[in-house]
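The model shown is predicted, which means the values in this text are computed figures rather than measured ones. When reading the values below, keep in mind they use all heavy atoms of this one structure, side chains included, and skip hydrogens, waters and symmetry mates. Every chain is numbered from 1, with letters handed out A, B, ... down the list of sequences.
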Amino acid sequence: MEFSDPKVQLQIAYLLGGSMVVVNFALLYQSRMSSVINAFAIHATILGLAVAWQANVQNAPNLYITAAIALVFKALALPAALHYVVRKLNVHRTVEMVFGTGLTMMAGVALVGLAVMIMQPVTQHSGALVTIDLIFAMAVLFLGVLMMITRRNAVTQVIGFMAMENGLILAAVGVHGMPLVVEISVALAVLVAFIVFGLFLFRIRERFYSLDVRYLDPDSRIPQ
Amino acid sequence: MIAAFDATSVNPLYLTLGVPALSTLVLFLLPGYRRAARCNVLASLVTLLASLALLWSRPAPNDYLFVDDFNIYLVLITNFVCLTTSVFSVSYLTHELDIGRLRRPYARFYHAMFQGMVFAMNLALVSNSLGLMWVAVETATLATVVIVGLYRTEAAIKASWKYFILASMGISLALFGTTLLYFTAQSVIGSGNAALAWTVLRERAAELDPAVLNITFVFVLVGYGTKAGLVPMHAWLPDAHSEGPTPISAVLSGLLLNLGLYALLRFKMLMGANDQTLAPGPLMMGLGLASLLFGALMLYGRRDIKRLFAYSSIEHMGLITFAFGLGGPLANLAGILHMVLHSLTKSALFFTIGHVAQVKGTQEIAGIRGLTTSHPVLGWCLVLGVIAIAGLPPTGLFMSEFLLVSTTFAREPLLAVPLVLGLLIALGCLIQRVQAMAFGEPTGSAEPFKISVLPPLAAHLVLVIVAGLYIPAPLMAWFQHVAALLG
């Protein structure tokens with residue numbers, strides 16, 4: 001196998017981007033908190049590999065920094081921190097979903113279809129590599145949003161946000177020579193660190209979709 | 001950067017950005033509350049002076065930063081309101097420290113984050129690179145999230161968390177839009193910084209792929225629209241306004257919402273320069289009218305005074321978005337004027353009610369009665385502020401609203417109906433709420449009025465009233481020029 005062969009390059013980018021979407025579905029159906037975090041670690045690892053592959057294909061060494069951030073910070077440090085938060089906040093029970101798994105998965109499939117339908121026509125004139133990258137990125141973005149709005153626990157919501165943000169990085173590295181891409185990935189890493197730090201510091205367990213005073217009690221749980 | 005300092009005169013743009021950036025670090029390290037507060041005012045003053053200097057020596061645009069007729073007036077208004085807010089913060093925070101609502105270490109945090117926010121807002125306004133603008137908007141969000149949660153109460157933390165999650169989700173979508181824009185631009189302009197530079201994009205917008213521009217705009221509209229507090233992405237706004245320290249509510253309403261709208265307008269201008277694209281106007285008008293009507297209806301029955309004016313901000317952002325969506329020289333002029341005057345009026349109102357809440361010891365509207373009797377200055381300032389925000393003559397907001405309504409009647413008579421309806425509902429609700437607060441028998445505690453609140457308050461109100469009576473011809477000509485620029 002010749003790595004400089006454009007066909008092979010395309011296939012590998014395909015494999016990595018597609019795996020991200022598949023792992024995103026895994027994120028959607030996990031019912032235990034620790035498995036959600038592990039699935040996210042895999043998601044971030046694949047992102048790191050995909051970014052590194054783009055750095056290689058585009059011959060853009062600065063993208064290796066973004067890849068390193070994904071591999072070290074997102075795939076190792078963040079999941080470790082999240083496992084700690086979940087243990088400390090005592091929220092490692094089942095993940096609460098707004099809709100059932102089946103319905104959520106079907107919505108996910110529809111969103112991936114939507115991403116293909118939006119991006120396919122507008123990217124057809126620019127190489128296949130960019131096309132598939134943007135399609136997968138948009139699918140990951142949509143699935144992240146879906147995860148954010150269908151979860152009740154703050155931790156899973158945050159993981160949804162981080163998955164969504166992995167999609168943003170995938171898009172930004174896919175288009176050739178996007179300026180400030182390393183700076184943007186650093187800014188996003190800071191944002192995510194902030195969120196996880198906030199989760200722990202303020203002991204946020206549930207997402208707030210109500211301002212009912214019953215929930216102002218620090219140890220209250222939203223009644224089912 | 002180095003080259004600029006070697007030149008005989010320092011580029012005022014670097015000062016506008018450098019002073020608040022440096023102050024953030026200094027204030028973070030500086031112990032002592034009084035010294036920090038004074039430092040904060042001084043830094044804001046220097047930043048305002050530096051931005052005034054931009055009027056005379058405008059630096060040449062590069063791929064990262066630029067100053068044009070549109071952003072300079074927003075830079076000026078931003079730094080002006082930041083200065084008055086920093087003055088107001090001194091007395092506000094002193095009171096909060098005295099009653100023990102705020103702890104001293106957090107006051108230091110407040111000052112540092114305040115300057116960090118000034119830096120980020122200035123940077124976002126003068127960014128030529130749309131990527132840099134995104135980073136700056138995100139930084140401004142982070143700085144304000146920290147300040148909103150400053151009181152560390154359960155409600156404050158929830159408000160700040162909600163703001164954080166919704167704003168982050170919003171700006172993530174905006175980043176995706178920005179990436180898509182770069183994707184189409186790089187096939188025309190070539191890879192590199194130039195393909196995200198707004199000035200370059202504007203010149204060559206006609207060559208960009210209209211289909212990609214359409215998708216970009218939808219993402220950016222939802223993304224930066226969240227920051228601008230447009231319905232239905234507004235959910236963070238009332239909580240963030242009511243739970244944080246009041247000076248920050250003034251800045252959130254007066255400046256940060258404008259920033260979201262500014263970012264959106266930059267993209268709208270790109271869309272306008274390409275005649276193959278979807279017209280962005282109807283989308284903006286739709287969201288604008290929805291926000292206007294929703295905000296106006298929500299004014300009815302509010303119990304918390306800060307939430308009341310937070311919903312009024314949603315209403316006004318809707319009005320401004322509608323104006324820019326309608327487009328054309330007159331509606332744009334109304335939008336630009338309204339942006340400035342709403343900033344001034346709303347921050348004046350938040351200064352007033354911040355102090356009202358302090359003298360009365362409550363934010364509940366029910367606990368505030370007969371202000372004009374117990375605290376004449378505060379009471380009449382509140383009445384004046386509400387007259388202004390409701391768009392009654394002789395204030396400046398009357399002029400901009402009148403301009404907008406008459407233009408709408410001339411061009412889209414059907415849309416004028418919901419527009420006028422929204423304005424009337426807002427007027428009625430505001431008068432009903434304020435009548436009870438300002439007049440009647442005073443109740444509750446009545447701490448003395450602090451005269452130190454008056455200068456920032458008076459500065460804003462005088463400007464708003466003067467603007468209603470007289471705007472100098474050169475200034476008006478300049479506003480008209482900017483309106484034409486917006487297309």
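- Residues V130(A) and F183(B) share a closest heavy-atom pair of CG1-CE1, 3.3 Å.
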Under 3.5 Å, which donor-acceptor pairs link side chains of residues 163-183 of chain A to any protein atom two or more places apart or in another chain?
unit_1  : atom_1 : unit_2 : atom_2 : d
E165(A) : OE2    : K74(A) : NZ     : 3.2
N166(A) : OD1    : K74(A) : NZ     : 3.1
N166(A) : ND2    : H43(A) : ND1    : 2.9

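- Contacts of S129(B) with chain A are made by side-chain atoms alone, with heavy-atom separations under 4.5 Å and no backbone atom involved.
- Residues L134(A) and L180(B) are in side-chain contact: their nearest non-hydrogen atoms beyond the backbone lie under 4.5 Å apart.
- Residue F294(B) places its CZ atom among more than 12 non-hydrogen atoms of other residues, nucleotides or ligands, all under 6.0 Å distant.
- Of the listed residues (N214(B), L196(B), D209(B), V135(B)), the greatest number of heavy-atom pairs within a distance under 4.5 Å of chain A belongs to L196(B).
- In this structure, chain A has a heavy atom under 4.5 Å from the side chain of V146(B), while its backbone stays farther away.
- For F161(A), the part lying under 4.5 angstrom from a heavy atom of chain B is the side chain only.
- Heavy atoms from other residues, nucleotides or ligands lying under 6.0 Å from CZ of F25(A) number more than 12.
- Under the 4.5 Å side-chain criterion, counting only non-hydrogen atoms from C-beta, I215(B) is in contact with M138(A).
- Using a 4.5 Å cut-off between heavy atoms, F164(B) contacts chain A through its side chain alone, with no backbone atom that close.
- The candidate from S172(B), A185(B), A211(B) with the greatest count of non-hydrogen atom pairs under 4.5 Å with chain A is S172(B).
- In terms of heavy atoms, E138(B) sits closest to L188(A) at OE1-N, 4.2 Å.
- The choice from G192(B), G190(B), S160(B) that makes the most heavy-atom pairs within less than 4.5 Å of chain A is G192(B).
- The part of Y182(B) that comes within reach of chain A is its side chain, from C-beta onward, which places non-hydrogen atoms under 4.5 angstrom from that chain.
- For the pair L141(A)/L173(B), a side-chain contact is recorded, criterion being any heavy-atom separation below 4.5 Å from C-beta on.
- Shown here is F73(A), whose CZ atom has more than 12 heavy atoms of other residues, nucleotides or ligands within 6.0 Å.
- Ring geometry for F142(A) versus F219(B): interplanar angle under 30°, hence parallel rather than tilted (30 to 60°).
- Neither the backbone nor the side chain of S187(B) comes within less than 4.5 Å of any heavy atom of chain A.
- Both the backbone and the side chain of N193(B) have a heavy atom closer than 4.5 Å to some heavy atom of chain A.
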